[in-house]
K.L.:
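Handing you a structure now.
Within every chain, numbering begins at 1; the chains are lettered A, B, ... in the order of the sequence lines, protein sequences first and strands thereafter.
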There are 2 protein chains.
Amino acid sequence: MQETQPKYALVYQRLRDKLTEGRFPVGSRLPTEEQMSSEFEVSRITIRRALEQLVSEGYVNRRQGSGYSVIALSPPQQNCLSSFTDMVFRSGATPTSRLLSIREIVPANPLTFPLPRDLVDHGPLLQIRRLRCIDDKPAMLVSTWLAKSEIGDVRPEDFPETGTGQSILRILQEKFSLTWDAACEEISPIAADSEAAQLLAIDVGMPILKQACIAFGKNGKTVFYEDLLRAGTIVFESFALRRQAPESIMKRPLND
Amino acid sequence: MQETQPKYALVYQRLRDKLTEGRFPVGSRLPTEEQMSSEFEVSRITIRRALEQLVSEGYVNRRQGSGYSVIALSPPQQNCLSSFTDMVFRSGATPTSRLLSIREIVPANPLTFPLPRDLVDHGPLLQIRRLRCIDDKPAMLVSTWLAKSEIGDVRPEDFPETGTGQSILRILQEKFSLTWDAACEEISPIAADSEAAQLLAIDVGMPILKQACIAFGKNGKTVFYEDLLRAGTIVFESFALRRQAPESIMKRPLND
DNA sequence: GAGTGGTCTAGACCACGAA
DNA sequence: TCGTGGTCTAGACCACTCC
């Protein structure tokens, strides 16, 4: 795991760690680019590249002539590559995971199996189903599909139900050395079937969101497929081309 | 409108235009960075900045040692700042817009009105409701909210029902000089009420998506608020931190 | 006017991919 | 091996903010 990382990535991580540790409170100013440049002993260009990532993720805001200010200690993005576990922890609540099942599935007809083709072609698949909860209240039903040939055997003990280790993204990276760097996601409205309704503690037929996500590796191959069912709302923030977080914050909820 | 733009933005536009005009077919290779550098008479750094945007938007893919290849002639992103009109045109279908109503609304109680506070504080609001269709089939019900003080009077003639001019984003920019550069979006599952069901030609109670979007100006102030109701699916692609579009393309639908 | 980010350049060396 | 993108630097000048 000790790969050499580019400087900008290291600088980014160190800055982000400082942020999440609370070294820079929300609203405070970051040092100037020049100061950070000498602190980290890299050029201003490299500092800027690290800062760009922080800006695009919604941690800090930047204004010409004024500098960088902290707007959040955790990123607001909710997509299938952001960790539900981390998000819930940062919000101050406690996430838990109930492992529902681990199944090995051999698609009868690979051509019609409703998963990305190159994943199905790997042979037997593993399906891991988990119920994610926030403060013990059901929040999300997750099915993760992987090629068995890529990760070998998995056991229930590989999927902790509490703590930071319950993050499937971390489990896949750290226990099974799976990595990815892009994804494609679809969001659809569906009606809760009886199983989803029971697990999510809602009524059958209630409208819920289905998030279907494919994660791709560097070579463009599918690394895993995941679908999530959730009753709540998904938030995307500051996704403009030239991303820049707003100075003002919303004063009231969007939905009446 | 003739503001001076940075070089990288101009290069980006010229490259994107070449793409959308079909000068570089899908699958073809772009010239090398060095070649483009001399063609556009800018440094390699500047070329890279323009290319980065094309990569992050999903137009082209890049591979070290191999070069840039074209993967799409239009961006796959579907968010409230991407033009529905353009998306439909590029897919080969014909978009139309039915203007349902233009209303002036003075919130009785600004504190409880379910819109961003700084928008409500501007005084009277304009609400523009339109039904967007694809090949005359209803696809999306859109309500756009603006501060009347920012744009003055609007007339039905300002909202063409056909052609590229029907894009509300273009209308706001070109006819009313509104600009924005960031946004925040929420997606929720709801059940279609009788009005939405009738307009979208679906059954009452069917699950649909509600997209609520706030667009922010450079100063962080809300420029407009928009909510969309749609029965279909929303797609987000290649939104990883280090964005990189996959080489392989999905072979089958995500939903069974 | 001083400070700060925004843009741009020329040049260097490295890592990966393909022939 | 060679071409290509990936990373990094020092230095310059401009535009904006704030005093």
K.L.:
At less than 4.0 Å, is any side-chain N or O atom of Ser43(B) found next to OP1 or OP2 of dT9(C)? Yes or no.
P.N.:
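Indeed, a polar side-chain atom of Ser43(B) lies that close.
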K.L.:
Please give, in whole Å, the distance from dT4(D) P to Leu51(B) CG?
P.N.:
14 Å
K.L.:
Is it the case that dG6(C) (base atoms only) and Arg44(A) (side chain only) share a donor and an acceptor within less than 3.5 Å, ignoring hydrogens and angles?
P.N.:
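Result: at least one qualifying N/O pair found.
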K.L.:
Does a donor on one side chain sit under 3.5 Å from an acceptor on the other, for Gln211(B) and Glu185(B)?
P.N.:
yes
K.L.:
For Ile45(A) and dT7(D), give me the distance from atom CD1 to atom P, rounded to whole Å.
P.N.:
14 Å
K.L.:
Rounded to the nearest angstrom, tell me the gap between atom CZ in Arg62(A) and atom C1' in dG3(C).
P.N.:
17 Å
K.L.:
Using heavy atoms and a sub-4.0 Å distance, could you list which residues of residues 28-37 of chain A are near DNA chain C? By number, please.
P.N.:
Thr32(A), Glu33(A)
K.L.:
Tell me every residue that passes side-chain contact (heavy atoms from CB on, under 4.5 Å) with Ser66(A), counting only those two or more places apart in sequence or in another chain.
P.N.:
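By the side-chain contact (heavy atoms from CB on, under 4.5 Å) rule, Ser66(A) matches Arg63(A).
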K.L.:
Taking the side chain of Gln64(B) as its heavy atoms from C-beta onward, which of dG5(C), dA10(C), dA15(C) lies nearest to it?
P.N.:
dA15(C)
K.L.:
I'd like to check the side chain to side chain donor-acceptor pair (under 3.5 Å) partners of Ser69(A); sequence neighbours left out, ordered by chain and number.
P.N.:
none
K.L.:
Do you see a donor-acceptor pair shorter than 3.5 Å between the side chains of Thr85(A) and Gln166(A)?
P.N.:
no
K.L.:
Roughly how many Å is it from CD in Glu41(B) to P in dA10(C), rounded to a whole number?
P.N.:
11 Å
K.L.:
Checking contacts here: which listed nucleotide (dA18(C), dG5(D), dC16(D)) is nearest the side-chain heavy atoms of Arg63(B)?
P.N.:
dA18(C)
K.L.:
Can a side chain N or O of Arg48(B) be found less than 4.0 Å away from OP1 or OP2 on dG5(D)?
P.N.:
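For dG5(D), OP1/OP2 do not have a side-chain N/O of Arg48(B) under 4.0 Å.
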K.L.:
Please determine if Glu104(A) and Lys148(A) form a salt bridge, counting it only when a charged side-chain N lies under 4.0 Å from a carboxylate O.
P.N.:
yes
K.L.:
Check whether the side chains of Tyr68(A) and Glu33(A) place a donor and an acceptor atom closer than 3.5 Å, and report yes or no.
P.N.:
yes
K.L.:
Please give, in whole Å, the distance from dC8(D) P to Glu52(A) CD?
P.N.:
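Rounded to the whole Å, the gap is 14 Å.
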K.L.:
Once you round it to whole Å, what is the distance between P of dG6(C) and CG of Asn61(A)?
P.N.:
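Between P of dG6(C) and CG of Asn61(A): 10 Å.
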K.L.:
Rounded off to whole Å, could you give me the OH-to-C1' distance for the Tyr8(A) and dC14(C) pair?
P.N.:
13 Å
K.L.:
How long is the line joining CZ of Phe40(A) and C1' of dC8(D), in whole Å?
P.N.:
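After rounding, the gap between these two atoms is 17 Å.
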K.L.:
Does a nitrogen or oxygen in the side chain of Thr46(B) sit under 4.0 Å from OP1 or OP2 of dT7(C)?
P.N.:
no
K.L.:
Would you confirm whether Glu21(B), through its side chain, and Lys18(B), through its main-chain N or O, come within 3.5 Å as a donor-acceptor pair?
P.N.:
no
K.L.:
I want to confirm an ordering. Mapping Lys7(B) and Tyr68(A) to their closest nucleotides on DNA chain C, which one lands closer to the 5' end?
P.N.:
Tyr68(A)
K.L.:
Tell me which of Ala9(A) and Gly65(A) sits closer to the 5' end of DNA chain D, going by the nucleotide each one is nearest to.
P.N.:
Ala9(A)
